[in-house]
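Let me begin by presenting the structure, written as structure tokens, before commenting on it.
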Amino acid sequence: MKFSEIPYQQPDAVALKSDLNAIVDAFTNANTAEEQGDQIKAFNDVLRHYETQSNIAAIRFTINTADKEYQEARKFFSLMAPEVQEIKAKLQEAVISSPFKSELEERWGSVYMNTAELATK
């Protein structure tokens, strides 16, 4: 598949924030390490899709800076980035304060946990 054939779909800002916040809430309310780990995976899946669309928009804007669609997409992602980062920070804080921290580290690795700790400092 050529890059030009990769579909671009701008995320819905309200739905994105709602989905990410719901995952953070589900993580916080989870009763087991497995449930919390599943919420981390869900968060990463949503974030990966968002970041993929952001990268597609950025590359296409770089290819043609006169393209109005990708000018607007660039603005959208510039405005969304701080809000998404804030929600991500909430998850990271919840991860490092989790009663299942050691089990989460077994599943996700020490790099993930160290990154979460460093991001909250």
Handout entry: Side-chain (Q53) to main-chain (Q10) donor-acceptor, under 3.5 angstrom
Key = no

Completion exercise
Heavy atoms of L104 and S98 approach each other most closely as CD1-OG, 3.7 Å

Problem - Check: T115 side chain, V111 main-chain N or O, donor-acceptor pair, under 3.5 Å - result: yes

Problem - Partner of L47 under side-chain contact (heavy atoms from CB on, under 4.5 Å), chosen from V84, I87, D19, L91 - result: V84

Handout entry: Verdict with reasoning, E117 to K101, per side chain to side chain contact (heavy atoms under 4.5 Å, CB included)
Key = CA-CA 11 Å; E117 288 182 25; K101 187 176 175 181; 2.8 Å; yes

Practice task
In sequence, state the C-alpha distance, the side-chain angles, and the governing distance for F43 and K88, and then conclude on side chain to side chain contact (heavy atoms under 4.5 Å, CB included).
Solution key: CA-CA 9 Å; F43 191 93; K88 186 176 178 181; 4.1 Å; yes

Exercise for the section: Without swapping roles, check the side chain of S78 against the backbone of R74 for a donor-acceptor pair under 3.5 Å. Expected result: yes

Practice task
Decide yes or no for F3 and R60: does some side-chain heavy atom of the first lie under 4.5 Å from some side-chain heavy atom of the second?
Solution key: yes

Practice task
Indicate whether the side chain of Q71 and that of T65 have a donor and an acceptor atom separated by less than 3.5 Å.
Solution key: no

Exercise for the section: State yes or no: do Y112 and I23 share one hydrophobic cluster built from I, L, V, M, F, W and Y residues joined by side-chain heavy-atom distances below 4.5 Å, directly or via other members? Expected result: yes

Exercise for the section: For residues P11 and F77, report the shortest heavy-atom separation together with the two atoms involved. Expected result: CD-CZ, 3.6 Å

Handout entry: Sidechain-backbone polar pair: E51 side chain, R48 backbone, donor-acceptor under 3.5 Å
Key = no

Completion exercise
Tightest non-hydrogen contact, residues E35 and A30, listed as OE1-CA, 3.4 Å

Exercise for the section: Any chance you could lay out the side chain to side chain contact (heavy atoms under 4.5 Å, CB included) test for E34 and F100, step after step, and finish with the verdict? Expected result: CA-CA 9 Å; E34 183 177 349; F100 308 111; over 6 Å; no

Practice task
Report yes or no: does E72 contribute a side-chain atom to a donor-acceptor pair with the main-chain N or O of K68 at less than 3.5 Å?
Solution key: no

Exercise for the section: Could you tell me whether a side-chain N or O of Q36 sits under 3.5 Å from a main-chain N or O of F27, the two making a donor and an acceptor? Expected result: yes

Problem - Value rounded to 0.5 Å, distance of CG in L20 from CD in E86 - result: 11.5 Å

Exercise for the section: Show your reasoning for whether side chain to side chain contact (heavy atoms under 4.5 Å, CB included) applies to N64 and Y70. Expected result: CA-CA 8 Å; N64 179 4; Y70 295 109; over 6 Å; no

Problem - D12 CG to L16 CG distance, which is reported to the nearest 0.5 Å - result: 8.0 Å

Handout entry: Shortest non-hydrogen contact from F76 toward A13
Key = CE1-CB, 3.8 Å

Exercise for the section: Taking only Lys NZ, Arg NE, NH1 and NH2, and the carboxylate oxygens of Asp or Glu, determine whether D38 and R107 approach each other closer than 4.0 Å. Expected result: yes

Exercise for the section: Indicate yes or no for a side-chain donor-acceptor contact from T28 to the backbone of V24 under 3.5 Å, with no hydrogens or angles considered. Expected result: yes

Practice task
Look at the side chain of S54 and the backbone N and O of Y50, then say whether any donor-acceptor pair between them is shorter than 3.5 Å.
Solution key: no

Fill in the blank from the handout: Between L79 and E83 the two heavy atoms that sit nearest each other are O-OE2, 3.7 Å

